[in-house]
Amino acid sequence: MLLIFLLAPFGGSLLVLFFPSDQRGATAWFAGAIAFVCFLLAAGIYPFVTAGGVLRFELDWIPELGLNLTLRMDGFAWLFATLITAIGVLVVLYARYYMAAEDPIPRFFALFLAFMGSMLGVVLSGNLILLAVFWELTSIVSFLLIGYWHHNAHARDGARIALTMTGMGGLSMLIGLLLIGRVVGSYELDAVLASGDAIRNDPLYLPILILILFGALTKSAQFPFHFWLPHAMAAPTPVSAYLHSATMVKAGVFLLARLWPVMAGTEAWFWIVGLAGLSTLLLGAYFAIFQQDLKGLLAYSTISHLGLITVLLSLGSPLAAVAAVFHIVNHATFKASLFMAAGIIDHETGTRDMRRLSGLFRYMPITATLAMVASAAMAGVPLLNGFLSKEMFFAEAIETHLVNSLDTITPYVATIAGMFAVTYSLRFIHSVFFGAPPADLPKRPHEPPRWMRAPIEFLVLACLIVGIIPGRTIGPFLHTAVVSILGDRTPDYSLAVWHGWNVPLIMSFVALSGGVGLYFLMRSYLATGIEGPPVFRLLQGQRIFERVLVTLSWKWARSLEQRFGTRRLQPQMLLLVFLAVSAAAVPLFRRGFELPPLVIRGIDPAFALLWALGIACAVGAAYQAKFHRLFALVLLGGAGLITCITFVWLSAPDLAVTQLLVEIVTTVLILLGLRWLPKRIEESRPEDIPLRVRFRRLRDFLLALAAGGGMSLIAYRVMTQPTPETIASYFVERAYSEGGGANVVNVILVDFRGFDTLGEVAVLSIVALTVFALLLRFRPHPDSQDIPLQQRVQNAFDDDHPDRNAGDSIAEYLHIPSTIMRWMFPVTGMLAAYLFLRGHDLPGGGFAAGIAMSIGFLLQYMAGGTRWVEERLRIHPLRWMSIGLLVAAATGIGSWVFGYPFLTSHSQYATLPIVGKVPLASAILFDLGVFSLVLGATVLMLIALAHQSVRAPRAHARPARTEREAAQ
Amino acid sequence: MEAWFALLVGVFFTVAVYLMLSKFIIRVLLGVAVLGNAVNLLIFTGGRLMRGVPPVIADDAQVLAGPAANALPQALILTAIVISFSFFAFLLVLSWRAYDDLETDNTDEMRVAEPVNEPAPPLGY
């Protein structure tokens with residue numbers, strides 16, 4: 001039930017996106033229906049949560065991390081959920097009329113429902129991590145909603161500020177919640193609520209408190225993090241009414257109230273929360289007086305009221321907590337209605353600037369009356385709901401909770417803030433609805449459509465009813481909520497309107513009369529039309545925020561980049577290698593590196609010769625790389641061959657076969673491509689080399705030497721140690737019994753680690769496709785278009801002899817080898833088949849076979865030329881690759897059919913159902929896939945290269961010559 | 001014998017690193033090719049050096065009779081060979097295309113994304 005409750009808005013949000021954007025009515029109806037269903041669900045749940053009942057739903061998500069999808073609804077969550085859904089329904093109705101025809105409606109309602117879902121998630125979460133997830137979701141959706149009119153720069157800025165502030169708070173809160181989880185040993189809310197003493201006495205209490213409070217206070221726009229809320233007013237008014245007065249900003253105080261039994265009651269809590277709350281209460285109210293924007297006034301008033309709730313929660317007395325919960329509800333009702341009224345004024349007049357608005361009462365008397373009642377509730381006029389909770393607040397403020405200065409000043413601050421509240425409420429009403437008729441408004445004001453006003457009427461009626469007969473209406477629900485927070489600490493309280501003559505009542509009167517007086521005193525100042533309060537307007541939160549952001553994300557980042565960064569590849573490589581060498585050297589140096597005694601003797605002369613040759617090849621390749629590339633390439637091939645022979649002699653025949661084949665293909669690749677690379681640089685004489693270059697070379701060389709020397713040492717140290725017990729023995733023992741093959745290496749590849757191999761060949765096919773794509777539009781560089789010298793000589797020879805046609809020599813060139821190469825094709829095919837079939841038991845395998853086969857094709861291309869081959873052979877490398885991949889994957893999936901994990905090989909002559917005894921390992925099918933894929937991939941790469949010679953060059957096209965070139 | 005083998009590995013690494021520190025992509029490319037061999041040889045040391053005992057089970061046996069070379073590093077190297085081949089082929093073609101499009105093989109001159117005299121972005125609001 002709870003899950004449906006939570007998922008319905010998200011599901012609806014997705015569905016709404018599919019509505020066409022011109023169907024405003026249908027979209028709104030659908031969104032409203034979802035919200036209404038949720039509201040009905042909430043109403044239906046109520047019987048389960050009365051008298052401290054808790055509804056739970058649990059679903060394991062990642063139990064190893066203590067992260068479960070626990071939903072938990074108690075009275076307090078219920079109250080919030082009802083508030084969210086009920087106001088949600090009203091706001092949807094309102095938005096139906098508010099949103100303009102050109103706004104993308106589905107997006108609005110989708111985000112709106114998503115927000116509703118996330119907010120329900122926050123209040124329903126029974127797991128702290130889940131709570132943090134939904135908390136961040138509300139931040140993100142709020143960001144999107146504030147930035148809904150993204151063509152407006154204010155909206156974008158406001159959205160960004162809101163996201164940064166609340167997102168930052170959310171992250172810090174997450175850390176705090178993780179710490180709580182550490183202290184308690186569980187993230188489940190029930191467990192956390194039961195271990196209040198453990199948390200309060202933990203040495204981590206203060207950090208936890210600060211981190212969580214940072215999250216809660218930023219979300220609830222408490223001073224000094226309040227400034228995002230006024231900027232969030234760039235959002236469409238339904239969003240302001242819903243998110244920024246009734247629900248999202250209440251998430252912070254919700255969290256405070258939720259964790260109140262666990263965290264509250266300490267000195268630190270009192271000071272931090274109290275100070276933040278009190279200053280917010282006072283400053284918010286003070287700032288609100290001086291706003292010129294209707295929504296700005298309401299935003300600061302919201303901030304102030306949130307401060308009031310925060311102060312109540314800071315006091316740590318159960319009675320104050322009751323007042324806080326009560327005020328959350330009351331504030332949501334009157335503030336949402338006021339926002340909607342402000343939206344109507346904006347909608348019908350075209351402006352929200354109080355300097356331009358006046359005397360609207362005569363145009364929209366009903367809206368004006370409604371707004372007046374709601375702002376009276378905001379001011380705390382008797383017989384309205386705002387009065388009741390404010391009265392409770394005053395009563396709590398004069399109680400002494402802790403003996404300190406903050407507690408002493410609380411009643412005074414409360415009275416002054418109450419006075420300010422009266423002043424700004426009065427200003428809102430008086431300057432907008434009374435006075436001279438407005439001049440030069442963008443639109444002619446009139447009453448809004450009937451149903452646009454309905455939500456306000458409903459909310460204002462609620463204000464009145466709750467204000468007159470609180471005990472009968474809100475009483476039981478409030479009791480349910482309070483019991484769920486306080487449990488058996490629930491105090492006796494009365495919701496009566498009349499408590500007799502007492503101090504709070506006097507404070508109320510002082511505030512009321514003082515507020516009215518203050519308004520008339522300040523009228524002349526307010527009439528000057530200066531935006532913002534005196535003195536404080538210089539201190540703009542937004543500007544500070546921007547400065548900090550620019551400094552952090554821009555200036556510092558820039559200077560860091562300029563100081564340590566480079567845009568050249570070479571120094572980057574240098575740094576990388578240097579870091580790698582140091583990263584290896586530092587731990588070795590600190591932990592000690594003992595080099596075993598060097599044993600130089602006892603080497604087989606053959607090996608000595610072989611490796612000396614390898615060293616010579618490698619060094620020679622490096623030396624020649626600059627000036628004689630072909631030579632360097634030959635030497636490189638030599639080094640590869642030495643590696644290959646080393647593998648043979650050191651008992652790794654599989655490696656040797658593969659290495660040899662790969663070496664061949666690599667060399668061909670480079671040789672084919674060498675033509676298209678820039679011409680070599682002419683060697684300069686040693687004395688011409690500048691000192692700087694010499695220094696650079698020396699530095700590179702030393703660094704390379706350090707890297708190589710380090711590797712030598714590591715290799716030597718490893719080799720002189722006895723082999724520890726590794727998983728290798730597992731493979732060796734089971735190679736035949738479970739893998740069904742005698743060649744352990746091959747069995748590991750196609751069976752034990754078959755998934756690796758699948759990934760590896762997939763990489764190969766991706767590379768082949770990339771090469772293919774890169775070469776599709778490749779045209780040789782102009783400086784490599786000349787026919788090579790040798791062919792020019794041959795052509796000249798043809799031209800000189802009248803009995804020869806042009807191109808004869810090229811066709812005859814290396815005639816015998818190419819004939820042999822053509823005849824080699826079946827032989828290579830045979831070799832590939834041989835390698836493939838013996839693979840499971842003896843060195844070989846699908847990979848080697850694939851490469852061998854592709855070399856067969858390669859030889860054909862070299863012998864006959866691209867056109868000759870393709871006239872005679874059908875080559876579909878892409879098809880081979882896909883078939884290979886499919887066969888390999890199908891073999892893997894096939895084992896699922898028999899109830900084994902992916903890629904389990906059926907090899908031990910297991911009796912398969914239906915088929916009976918299978919003598920062949922199923923791994924051979926997999927190997928077949930590998931074969932086909934490797935063949936396709938390699939051939940695809942080589943063909944992509946070979947086709948370059950058939951292509952017309954990009955510039956300076958010389959058709960006759962390219963024809964001949966193609967024939968080579 | 002181990003010492004010599006270690007020397008071979010070291011020299012391969014030195015050559016690879018030296019070549020990769022160059023400005024010219026063709027040399028970087030050659031360096032990558034050598035590096036592939038160097039790394040494979042280094043992984044090979046994990047299985048120690050053993051002569052003439054490939055990890056192949058005899059026809060009539062169920063398990064390896066007597067000591068044999070360590071099969072696991074070999075399997076890993078086999079994968080590594082394939083991957084380094086793919087990597088190399090990709091780099092090679094990429095450098096052709098780079099030369100083709102940018103008309104240079106000097107990495108310092110490859111400045112399409114970040115021109116040398118690029119004006120600085122705005123420094124504030």
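Residue numbering restarts at 1 for every chain, and letters A, B, ... go by the order of the sequence lines. No hydrogens, no waters, no symmetry mates; every other heavy atom, side chains included, goes into these values.
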Show the numbers, then the answer: is there a side-chain contact (heavy atoms from CB on, under 4.5 Å) between Ile714(A) and Thr45(B)? CA-CA 10 Å; Ile714(A) 291 173; Thr45(B) 62; over 6 Å; no
Pick whichever of Ile748(A), Asp700(A), Thr757(A), Leu703(A) has the most heavy-atom pairs under 4.5 Å with chain B. Asp700(A)
So does Asn37(B) get a backbone contact from the side chain of Thr643(A), meaning a donor-acceptor N/O pair under 3.5 Å? no
Donor-acceptor contacts under 3.5 Å from residues 69-84 of chain B side chains, at least two apart:
residue: Asn70(B); atom: OD1; partner: Leu72(B); partner atom: N; Å: 3.2
residue: Gln74(B); atom: NE2; partner: Ser651(A); partner atom: O; Å: 2.8
residue: Thr79(B); atom: OG1; partner: Glu760(A); partner atom: OE1; Å: 3.4
residue: Thr79(B); atom: OG1; partner: Ala75(B); partner atom: O; Å: 3.2
residue: Ser84(B); atom: OG; partner: Ala80(B); partner atom: O; Å: 2.9
residue: Ser84(B); atom: OG; partner: Ile81(B); partner atom: O; Å: 3.1

Examine whether an atom of Ala608(A) lies under 4.5 Å from a heavy atom of chain B, and if so say whether it belongs to the side chain, the backbone or both; otherwise answer neither. neither
Side chain, backbone, both or neither: which part of Phe88(B) has a non-hydrogen atom closer than 4.5 Å to chain A? side chain
Under 4.5 Å from any heavy atom of chain A, what part of Ala89(B) do you find: side chain, backbone, both or neither? both
Examine whether an atom of Val577(A) lies under 4.5 Å from a heavy atom of chain B, and if so say whether it belongs to the side chain, the backbone or both; otherwise answer neither. side chain
For the ring pair Phe607(A) and Trp649(A), is the centre-to-centre distance below 6.0 Å? yes
d(Leu669(A) CG, Thr938(A) OG1) to nearest 0.5 Å is 9.0 Å
Side chain, backbone, both or neither of Pro722(A) within contact of chain B (heavy atoms, under 4.5 Å): backbone
Heavy-atom distances under 4.5 Å only: say whether Leu7(B) touches chain A with side chain, backbone, both or neither. both
Donor-acceptor contact below 3.5 Å, side chain Arg27(B) vs main chain Ser22(B): no
Interface moiety of Phe44(B) toward chain A, non-hydrogen atoms closer than 4.5 Å: side chain
Between OG1 of Thr666(A) and CG of Leu636(A), what distance do you get to the nearest 0.5 Å? 9.0 Å
As a quick check of understanding, evaluate side-chain contact (heavy atoms from CB on, under 4.5 Å) for Phe772(A) and Met941(A), giving each step before the final call. CA-CA 6 Å; Phe772(A) 181 63; Met941(A) 280 194 254; over 6 Å; no
One option among Val34(B), Asn40(B), Leu42(B), Val28(B) has the most heavy-atom pairs under 4.5 Å with chain A, and it is Leu42(B)
Using non-hydrogen atoms and a 4.5 Å limit, figure out which bit of Leu576(A) sits close to chain B: side chain, backbone, both or neither. neither
Note: vs chain A, highest number of non-hydrogen pairs under 4.5 angstrom among Val17(B), Leu41(B), Val93(B) is Val93(B)
